[in-house]
Amino acid sequence: NAKNSLLVTLSRLDGAFGLGDIPTVAVPLSGGMAGLAKTAGHEWKEVRCRAFDMADNFANAVETSAAVVAEMLVDGPVETGLSASGSTTLELAVEPISERGKLPLSEGDVVIITGGARGVTAEIAAALAGACRPTLVLFGRSDLPADEPEWLAGLDGESAIKKALMLNGPKGMTPKDLQAEYEKVAGARELRQNLRRLEELGGKVVYRAVDVRDAALNATIDEIQKEFGPVRGIVHGAGVLADRLIEDKTVEQFESVYKTKVEGLHNLLKSLPMNDLRVVVLFSSSTGRFGRTGQVDYAVANEILNKIAQEEAAQR
């Protein structure tokens with residue numbers, strides 16, 4: 001084999017990456033190891049990258065080790081589950097979406113949506129508002145924008161806004177600065193417009209500027225529940241990207257991406273009584289399934305979200 005270098009990750013979910021017959025997932029965090037191996041496989045073409053998931057039905061540690069070493073020395077699927085009865089792998093299968101049941105939310109129920117009031121999370125909020133008129137609590141990292149200055153109000157189009165920014169904005173802006181200022185204006189407009197749209201759809205809308213990675217999230221959720229009642233649903237859509245190759249990525253970049261997904265979810269679940277929740281929706285990504293160049297942190301985090309979803313479904 002031309003690939004003389006080897007990277008192997010080991011997890012101990014159930015010998016089938018959490019998709020076997022065992023109803024719960026042991027240590028969902030270890031599911032992220034497969035995201036690492038799959039991304040490394042894209043970036044390091046000269047390295048054989050494999051992700052092994054071990055069952056706990058081997059007779060002893062020697063037998064477990066022998067199974068790992070035997071599989072390491074041959075070519076095989078990137079994702080390989082090992083158990084005393086043999087090896088398995090995962091394949092994608094087309095499966096129709098089952099018939100829609102009744103939405104487990106009622107009018108006025110509190111639903112927290114992380115990821116702000118822009119992009120796909122705003123569209124999810126709009127669909128929910130139209131479906132059951134809940135109380136939507138949107139968590140975003142941006143502060144609620146102030147009204148625009150008079151010299152911007154009414155202007156449309158990128159060139160017109162940039163021209164006004166050059167005349168009235170901070171002095172000495174570079175082209176990069178100007179683009180950043182324009183994106184702030186455009187983002188604030190999208191946020192304000194989406195909040196208006198949600199209110200027009202009939203749902204009660206609450207916006208809070210909060211970082212889901214911050215321990216202060218608990219106090220914000222307490223305040224929300226005191227004012228509006230128990231939280232019945234979570235839609236965890238918050239996410240950031242910091243694309244870099246594995247060897248170029250800093251710890252700070254990795255943590256920013258990873259913690260927004262994983263630590264953010266832990267903070268949410270930790271702050272909410274288990275019995276109150278009726279819906280938990282997590283936004284994963286095809287990056288978790290396939291790996292993607294530059295996104296090792298995103299692949300790891302989304303694979304963990306997949307396993308936490310399986311574990312929460314079993315526990316609840």
Using a cut-off of 6.0 Å, state whether more than 12 heavy atoms not belonging to Glu247 lie near its atom CD.
yes
Does Met72 CE have over 12 foreign heavy atoms under 6.0 Å away?
yes
Separation between CD (Gln310) and CG (Leu305), nearest 0.5 Å, reads 11.0 Å
Ignoring hydrogens, what is the shortest heavy-atom contact between Phe58 and Thr64? Give both atom names and the distance.
CB-OG1, 3.2 Å
Under 3.5 Å, is there a donor-acceptor pair linking the side chains of Asn218 and Ser271?
yes
Nearest 0.5 Å, please: how far is CE in Met166 from CD1 in Ile161?
14.5 Å
Please determine whether side chain to side chain contact (heavy atoms under 4.5 Å, CB included) holds for the pair Met33 and Lys38, giving the CA-CA distance in whole Å, both sets of side-chain angles, and the decisive distance to 0.1 Å.
CA-CA 9 Å; Met33 300 298 284; Lys38 286 182 282 190; over 6 Å; no
Any side-chain heavy-atom pair from Trp44 and Ile246 closer than 4.5 angstrom?
yes
Any salt bridge linking Lys249 with Asp297? Criterion: basic side-chain nitrogen under 4.0 Å from a carboxylate oxygen.
yes
Examine distances only and state if a side-chain atom of Asp214 and a backbone atom of Leu217 form a donor-acceptor pair shorter than 3.5 Å.
no
What's the verdict on side chain to side chain contact (heavy atoms under 4.5 Å, CB included) for Arg141 and Val240, showing C-alpha distance, side-chain angles and the deciding distance?
CA-CA 11 Å; Arg141 286 178 298 156; Val240 296; 3.3 Å; yes
Could you go step by step and tell me if Thr135 and Val111 meet the side chain to side chain contact (heavy atoms under 4.5 Å, CB included) rule?
CA-CA 6 Å; Thr135 297; Val111 179; over 6 Å; no
Does the pair Arg192/Glu148 count as a salt bridge with the N-to-O cut at 4.0 Å?
yes
For a side-chain hydrogen bond (donor to acceptor under 3.5 Å, both in side chains) check, start with the C-alpha distance between Glu303 and Asn306, then their side-chain angles and the critical distance, and finish with the verdict.
CA-CA 5 Å; Glu303 275 284 55; Asn306 296 336; 3.1 Å; yes
Within a reach of under 6.0 Å around CG of Asn275, are more than 12 heavy atoms found that belong to other residues, nucleotides or ligands?
no
When rounded to the nearest 0.5 Å, the distance separating NZ of Lys261 from CD1 of Ile308 is 11.0 Å
Could you tell me whether a side-chain N or O of Thr121 sits under 3.5 Å from a main-chain N or O of Gly115, the two making a donor and an acceptor?
yes
Non-hydrogen side-chain atoms of Val206 and Leu136 separated by less than 4.5 Å:
no
Output for pair (Leu265 CG, Phe283 CZ), nearest 0.5 Å, gives 13.0 Å
Can you name the nearest heavy-atom pair linking Glu263 to Arg213, along with the distance?
OE2-O, 3.3 Å
Less than 4.0 angstrom from a charged side-chain N to a carboxylate O is my criterion; do Glu190 and Arg118 meet it?
yes
So, are Arg289 and Glu79 salt-bridged, with charged N and O less than 4.0 Å apart?
yes
Taking every non-hydrogen atom, the tightest pair across Thr114 and Gly237:
OG1-N, 2.9 Å
Of all heavy-atom pairs linking Thr260 and Ser256, the shortest is OG1-O, 2.7 Å
Does CD in Glu150 sit with more than 12 non-hydrogen atoms of other residues, nucleotides or ligands closer than 6.0 Å?
no
Is Arg197 salt-bridged to Glu200, going by a charged N under 4.0 Å from an acidic O?
no
Please determine which of Leu73, Asp75, Val78 meets the side-chain contact (heavy atoms from CB on, under 4.5 Å) test together with Arg48.
Asp75
Do we get Lys162 above Tyr182's six-membered ring, with its NZ or CZ under 6.0 Å from the centre and within 45° of the axis?
yes
Output, in order, the C-alpha distance, side-chain angles, deciding distance and verdict of side-chain hydrogen bond (donor to acceptor under 3.5 Å, both in side chains) for Thr80 and Arg50.
CA-CA 8 Å; Thr80 301; Arg50 308 281 305 276; 3.0 Å; yes
Under 6.0 Å from the CG atom of Asn60, do we count more than 12 heavy atoms belonging to anything else shown?
yes
Do you know which two heavy atoms are closest between Leu138 and Ala117, and how far apart they sit?
CD1-CB, 3.7 Å
Salt-bridge criterion met for Arg208 and Asp143 (N-O under 4.0 Å)
no
Taking it one step at a time, do Asn302 and Thr287 satisfy side-chain hydrogen bond (donor to acceptor under 3.5 Å, both in side chains)?
CA-CA 7 Å; Asn302 282 300; Thr287 296; 5.8 Å; no
